[in-house]
Amino acid sequence: MTQPRPDEFKPPQECPVFEPSWEEFADPFAYINKIRPIAEKTGICKVRPPPDWQPPFACDVDRLHFTPRIQRLNELEAQTRVKLNFLDQIAKFWELQGCSLKIPHVERKILDLYQLNKNVADEGGFDIVCRDRRWTAIALKMGFAPGKAVGSHLRSHYERLLYPYNLFQSGANLLVSWTDAPTPIIFQSFRCVKTEPGTEPCENNRPNLRRRMGSFVVDLYMCLVCGSGSDEDRLLLCDGCDASYHTFCLIPPLHDIPKGDWRCPKCLAQECSKPQEAFGFEQAYRDYSLRAFGEMADSFKSDYFNMPVHMVPTELVEKEFWRLVSTIEEDVTVEYGADIASKEFGSGFPIKNGRFKVSEKDEYLNCGWNLNNMAMMDPSVLTHVTADICGMTLPWLYVGMCFSSFCWHIEDHWSYSINYLHWGEPKTWYGAPGFAAEQLEAVMKKLAPELFQIQPDLLHQLVTIMNPNTLMSYGVPIYRTNQCAGEFVITFPRAYHSGFNQGFNFAEAVNFCTVDWMALGRQCVDHYRLLHRYCVFSHDEMICKMASKANSLDVVLASAVQKDMKDMIREEQDLRDKVRKMGVLHCEQAEYDLLQDDERQCAKCRTTCFLSAITCPCSPGQLVCLHHIQDLCSCPLTNYTLNYRFTLDDLYPMMNVVKQRAESYDEWASRVTETLEAKLDKKKSLSVFRSLINESESKMFPDNDLLRQLRLVTQDAEKCFSVAQQLLNGKRQTRYRCGGGKTQSQLTVQELRSFVRQLYNIPCSLPQAPKLKDLLNCIEDFQQHSEKVLMDEATGTAVIQSLLDVSFDFDVELPELPILRERLEQARWLEGVQQTSAQPSTLTLETMRRLIDQGVGLTPHPSVEKAMAHLQELLTVSEHWEEKTSILLKARPPPSIEVLSEAAEKVVGIPAYLPNCMMLKDSISRAREWLQEAEAFQDGDSIPLFDELSDMVIRGQAIPVQLDPLKHLEFLVAELQAWKESAAKIFLIKNSHFTLLEVLCPRFEVGAGSPKRKSKKAKDCSKKKMVKLDCLSDVEKALLETKDTTSALATLGEVRLREMWALSSLRAANESKLLPTADCMDLKVCVCQNPPMGAMLQCELCRDAFHSVCVRAPSDSRSAQAWLCPDCRRSEKPPLDKVMPLLASLQRIQVRLPEGDALHYLVERTVSWQHRARQVSASCEWNRTSHDQMVFYTEQRCIPLQGLSVELEELMVEGLLLQVSLPEITQLYHVLLNGLGTHHTHGQYLYSDPNSGKVVFLVVMLVSYRLEKKAKRRLEREALETERRDKAKKLQNKRQKMNKEKNLERRAASTSSSPRSDFSQSDDSEEEMAMCPAEGCQQPEGDEVDWVQCDGSCNQWFHQVCVGVTAELAEKEDYVCVSCTISDGR
């Protein structure tokens, strides 16, 4: 950090800055009076309004044109101006001597001639300094470095430039006669020529005589000193008076002839004795608008600092300003638009009828801080001055630019001033307090006496500043501030202030006077009289006007007016007596208040006269005050006239009225004093105190110490009343602590005691005092009980909680409460530890850690420490075994069950819930159970299921224990998975969506399902739920639930029956819709469900038609295989010789799985079908018949169904359903494809084979007992149906009619779809409670339930829906249940 230069400006201390609240800001005079004790100590202060207070700028910018003042900065500072004046005198002296002044340089600095002259004079003069050889000391005093022979240079420059001037000033150069003249002093080379230091004079610098004589004789001119005309070449002719002088006769002598005009000593004295003009600011040559001035100001600042105006630091501008005003060499000129009348151009604040239109109720229009209102508000004394005084009662406007300044001054009549900066860059202020005004004046007079000799009232001209650092060095207290836009600066009475502008800105200022100014105002008038300075208004006139309105005056103002008026009357009486004694006898009343101020000014002191004045008939229009009676004229005093405004008899009654107004306060004050000093039962209520305050406000009594004490006591009483009420109500209390800070807190017990004592000590009587005393007694009892409880270590939570509950009624800060709460937390924690320890199943590691963490946060206590130690020990042991068991459970390979059992025995005694230890015990238990299950599996007689085995392997792998049988079981599972993959490769078509089980099982989803019909059973049967086989998951579930392969095959046989029935229905439906009678365009065929079109393909299995473009066409239209649709072709249909090894490999594994059972059933079904097909082919004779007619063209031929027996059709259908390829299927397909010729002989059907020409017989034995049994069953069913029909008619005739219509429609549809089949229909009946013996009975409910009777050996009745038989199939074929099928070996 660089150190500041010795001459660098050091900013003074900051003045106070106040930020009033909205409440304080509402009354400006009250707030100024509030801050006056602080702010008047610094002379100036700054006030920041509340942030939301932002008045609009209402000045008429278009009309505002002004001519600014020109300010040359190096002429503003007092000491700098003294130097400049001195240099002007020196320059003028040498100019009159015919020489131009050139200031020399010493040590590369311009020589300060003023300082050199002053230092030599202080040392006694040139002769003494030369005699005592003090030039080196003078050089050091002027700041030059020692040892460089600067002193000799200073002597030379002084002798050449200053010594002749000093001789002239002292009068030593006045010319004497030649005989009396002393011996001339021999000077060193002395040249009064304008040359640079160090240059030699030219040879031609010596012109001829300084005279214009032409051809006249030289002897005509005689030297006025020596009287001789000799040495004519050394004679000088004065350009002023034409007198002649020898150069060597002058004092001091001249060795060179001056080049310019030369004046003789007499003319020189005459010119230099002319008085200097008073210094003042010049007016600029141009008129500015606000915009033009702003552009000029911003341009100046940005050019000067070479940066944007808003980026120039205020500190830099301040230092540069004081450097410029203290430097003679730099001549910087600025302009300042000061003292612009707001009456002409409008104020920056809103005013009535101004350019800026506002409402009459606008907050800024009527605001007290609006400077147009402040001076004339009631608290301001200036309201009693009727004249509009610009700058005092009317604001002045100020438009500033960078470096434009306002010099040291005090306000007129030593009044207050307030300045508001509307906008723009800051304004820097300096101020001195009023008590230092005379000190500041004395310092400036001491440092610049020459200026005060020229202008005695210099400080009232606002043209002189002095560096605050200089004033501070002489002990003058100086304060500073930067006034920003939107801020006020207030100056106090007789406070000198000055400053400058940081840049372009707009400010407004006005004066105001308060009551405390009254005495200073009269003192200021006396001061003005001494300085012969005019008054802005008459102080006496203002006092008399206030006295005339005494009843409306504020009592404080009335008191001040009475005191001032008393002094005024006494002085006026003395002056009038003095004048009367001096001989002035003639008196005359004059109404001076009707005259203009300049018409009644004292001719001597310029004081504005009001009470009296002296006039003389010889000088009409001229008057003097009574102080300067002898300065009027030379006439006798008896000719003078005493003019008076009021007689003394008029003034005394006026003063008495004011006195009575002031004394009305005394009676109120006595009552206040009596009320404040009342004791005990004589105390007044709070309402009495309030009434006294209201009276003071209504009568505008002074805000003195007594009123402040009354307010303070009343405020304390109100606070005590509020606090007491809140304490009694149990509410939180906001109280005031020492220092005025407000804190949200409760009273302590000690404070409550003090508060109770305060209630009894305040001068006001409050009714809550006795109640609070009782509350204090209850609190003390609570403290005693609490102390006993805290001493007992075994106190329970209930007792502590009861004490805390009692404390809720006390709105007091009790020191026992934190301790009780701590003990309550400790007791609760101990109870929690005891409860968890009593239930080890709930004591987890997390619980222990939580309890320990909670215990750490508790206040130390022996019981807590003991419980903490026990918990920590238990936690350490538990964490050790938890970690150890975790390692055992995660070990790879897993440890044996013996190792784990040994570890489990060691953790049994730990009283805690340990998850890993519990998992260890569980793992051991599960391992033992698994081993038992594995042993039973290996030793069991039954073949296990694959799912059971797989589940067992998965469970074994999840147990973290070494299980020896697990590897063998995993091998079996892997082998079964490989078997399933091999079977899938053999059976499944590539990219097929069918699963292996779905392919191997009979089809269970063929068609739309059987119609649900209900028939009544003749005899009662118990209800038994039949196994549901509607989807693949049902079949798989049924297979898994079977106990052995035989049961699984029986289940699959039942699925086969459903498959055959469903496919038969589907074929009949598809054949019926393809009959020639059908409308071809209404048909919905193929997978696309569109009508037949073009070449079609017909599936041999489902008999539905397909578009050849929608399905994959056969690779060879004459292929030997029957064409099946995509839904019917489910697998690759491998040959039987590939399937048999697959079944054999599964049987070797000795594990059951649904796919294996399905393959087993498929093989048995295939072998059975093969046997039947061989029997049929060996016993049948074939004949050719015609093909069925179709409604569309097919690419391949299909087996004609007309004339084909049901048994032969079912044989062919079942062969196509087999998922194994057999040569018999192909042979049968070709036989049936080429057609059959039939003739009926003794119950046999004869068909001819068109290819071979052989005649074979297909004998289908129709057993006679079955025909008889069917007829008998039909008769029984008809009887039962008749009985059911009668009952149904009684219950629901309408439903029976609707069901019959449905049956007729269904019967008609069945008849039309299958002309070969004769299906009998059963009628609807009411359902009865009956039992179906089918396993997994579905218990059908509703209006209809159809039954079917087994044609086997059991003769039991079954629900048709439970066994997968439709009504048509029950009429057409025999039904044999699963049990009879197994028992009969079918």
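If you're wondering where the values come from, they're calculated on a predicted model, not measured in any experiment. The first residue in the sequence is number 1, and the count goes up from there.
Within the 4.5 Å cutoff, the side chain of Tyr430 has no heavy atoms near those of the Tyr479 side chain. Contact of the Val47 side chain with the Tyr31 side chain is registered, since non-hydrogen atoms from C-beta on lie closer than 4.5 Å. At least one side-chain heavy atom of Ile418 sits under 4.5 Å from a side-chain heavy atom of Val510. Within the 4.5 Å cutoff, the side chain of Cys625 has heavy atoms near those of the Cys605 side chain. Inter-residue side-chain proximity for Cys45 and Phe492 is flagged as met; some heavy-atom pair is nearer than 4.5 Å. The closest side-chain heavy-atom distance from His422 to Cys59 is not below 4.5 Å. At a threshold of 4.5 Å between non-hydrogen side-chain atoms, the residues Val584 and Thr641 do not count as touching. Between Lys563 and Met518 the shortest side-chain heavy-atom distance does not fall below 4.5 Å.
Put simply, the side chain of Asn372 never gets that close to the backbone of Ser347: no donor and acceptor are under 3.5 Å apart. Without hydrogens or angle criteria, Thr383 side chain to Ser380 main chain gives a donor-acceptor distance under 3.5 Å. Trp408 contributes a side-chain N or O that, together with a main-chain N or O of Met466, makes up a donor-acceptor pair within less than 3.5 Å. For the pair Gln483 (side chain) and Asn419 (backbone), a donor-acceptor distance under 3.5 Å is present. Here the side chain of His413 pairs a donor or acceptor atom with the backbone of Val536 at under 3.5 angstrom. Checking side-chain atoms of Glu508 against main-chain N and O of Gly348 turns up a donor-acceptor pair under 3.5 Å. Of the possible donor and acceptor atoms, one in the side chain of His497 sits under 3.5 Å from a partner among the backbone N and O of Ala495. Panel note: side chain Glu40, backbone Gly434; no donor-acceptor pair is recorded below 3.5 Å. Side-chain N or O atoms of Thr647 include one that pairs as donor or acceptor with a backbone N or O of Asp650 at under 3.5 Å. Within the 3.5 Å criterion, the main-chain N or O of Ala39 finds a donor-acceptor partner in the side chain of Thr42.
Ionic pairing of Lys445 and Glu438 is not present here: no N-O contact between side-chain nitrogen and carboxylate oxygen is shorter than 4.0 angstrom. Comment: Asp567 does not engage Arg522 in a salt bridge, judged by the lack of any side-chain N to carboxylate O separation of less than 4.0 angstrom. Ionic pairing of Lys34 and Glu24 is present here: one or more N-O contacts between side-chain nitrogen and carboxylate oxygen are shorter than 4.0 angstrom. Checked for salt-bridge contact, Glu541 and Arg600 meet the test: a charged N lies under 4.0 Å from a carboxylate O.
Between Phe29 and Phe512, the ring-plane angle classifies as perpendicular under the 30° and 60° cut-offs.
The NZ atom of Lys659 lies 11.0 Å from the OG atom of Ser559; values are rounded to the nearest 0.5 Å. Rounding to the nearest 0.5 angstrom, the gap separating the CG atom in Asp339 from the CH2 atom in Trp396 is 4.0 Å. Separation of atoms SG (Cys513) and CG (Leu382) is listed at 4.0 Å; rounding is to 0.5 Å. Put simply, CG on Leu648 and CZ on Phe646 are 12.0 Å apart, with the number rounded to the nearest 0.5 Å. If you take CD on Glu335 and CE on Met401, they are separated by 7.0 Å, rounding to the nearest 0.5 Å. Taking CD of Gln622 as the reference point, atom SG of Cys602 lies at 9.0 Å (rounded to 0.5 Å).
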Quick one: do Tyr398 and Phe406 satisfy ring pair (Phe, Tyr, Trp, His ring centres under 6.0 Å)? Show the steps, please. CA-CA 10 Å; Tyr398 298 87; Phe406 49 100; 7.9 Å; no
Take Glu588 and Leu642 through the side chain to side chain contact (heavy atoms under 4.5 Å, CB included) test and state the conclusion after the steps. CA-CA 6 Å; Glu588 184 179 338; Leu642 173 64; over 6 Å; no
Test ring pair (Phe, Tyr, Trp, His ring centres under 6.0 Å) on His539 and Phe610 and set out the steps. CA-CA 9 Å; His539 189 86; Phe610 175 73; over 10 Å; no
Between Ser404 and Asn501, does the side-chain hydrogen bond (donor to acceptor under 3.5 Å, both in side chains) criterion hold? Intermediate values first, please. CA-CA 6 Å; Ser404 62; Asn501 296 289; 2.9 Å; yes
Please step through side-chain hydrogen bond (donor to acceptor under 3.5 Å, both in side chains) for the pair Tyr416 and Asp516, ending with a clear verdict. CA-CA 11 Å; Tyr416 287 83; Asp516 58 277; 2.6 Å; yes
Residue pair Lys545, Asp540: steps toward the salt bridge (Lys or Arg N to Asp or Glu O under 4.0 Å) verdict: CA-CA 9 Å; Lys545 286 187 178 181; Asp540 292 340; over 6 Å; no
Tell me, with the steps shown, if Cys544 and Met654 meet side chain to side chain contact (heavy atoms under 4.5 Å, CB included). CA-CA 8 Å; Cys544 291; Met654 294 171 62; 4.2 Å; yes
Go through the steps for His527 and Trp414 under the test ring pair (Phe, Tyr, Trp, His ring centres under 6.0 Å), then give the verdict. CA-CA 10 Å; His527 183 74; Trp414 297 354; 5.5 Å; yes
Before you tell me yes or no, could you show the steps for Lys604 and His627 under side-chain hydrogen bond (donor to acceptor under 3.5 Å, both in side chains), namely the whole-Å CA-CA distance, both residues' side-chain angles and the distance that decides it to 0.1 Å? CA-CA 9 Å; Lys604 178 66 176 177; His627 292 276; over 6 Å; no
Set out, in order, the CA-CA distance, both residues' side-chain angles and the distance that settles side chain to side chain contact (heavy atoms under 4.5 Å, CB included) for His409 and Ser498, then state yes or no. CA-CA 7 Å; His409 70 285; Ser498 66; 5.7 Å; no
Begin with the C-alpha distance, continue with both residues' side-chain angles, and end with the deciding distance and a verdict on ring pair (Phe, Tyr, Trp, His ring centres under 6.0 Å) for Tyr364 and Trp53. CA-CA 9 Å; Tyr364 299 110; Trp53 194 83; 5.7 Å; yes
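Scanning both residues, Glu572 and Leu626, for their nearest heavy atoms gives OE2-CD1, 3.8 Å. Of all non-hydrogen atoms in Leu371 and Pro395, the two that sit nearest each other are O-CG, 3.8 Å. Smallest separation of non-hydrogen atoms from Val515 and Val381: N-CG2, 4.3 Å. The minimum heavy-atom distance between Phe506 and Leu64, with the atom names listed, is CE1-CD2, 3.7 Å. The heavy-atom pair separating Asn482 from Lys46 by the smallest distance is O-NZ, 2.7 Å. Taking both residues in full, the closest heavy atoms of Ile478 and Pro468 are given as CG2-CB, 3.9 Å, listed atom of the first, atom of the second, then distance.
Taking a 6.0 Å sphere around NZ of Lys549, one finds it holds more than 12 heavy atoms contributed by other residues, nucleotides or ligands.
Checked against Tyr420 for a ring-ring contact (aromatic ring centres under 6.0 Å, His included), the options Phe349, Trp369, Phe57 give a single hit: Phe349. Just one residue in the list Glu441, Gln439, Met444 forms a side chain to side chain contact (heavy atoms under 4.5 Å, CB included) with Val476, and that residue is Gln439.
Using modelled atom types, one finds a donor on one side chain and an acceptor on the other under 3.5 Å when comparing Gln573 with Tyr652.
Cation-pi geometry between Arg69 and Tyr336 is not met at under 6.0 angstrom from the ring centre and within 45 degrees of the axis.
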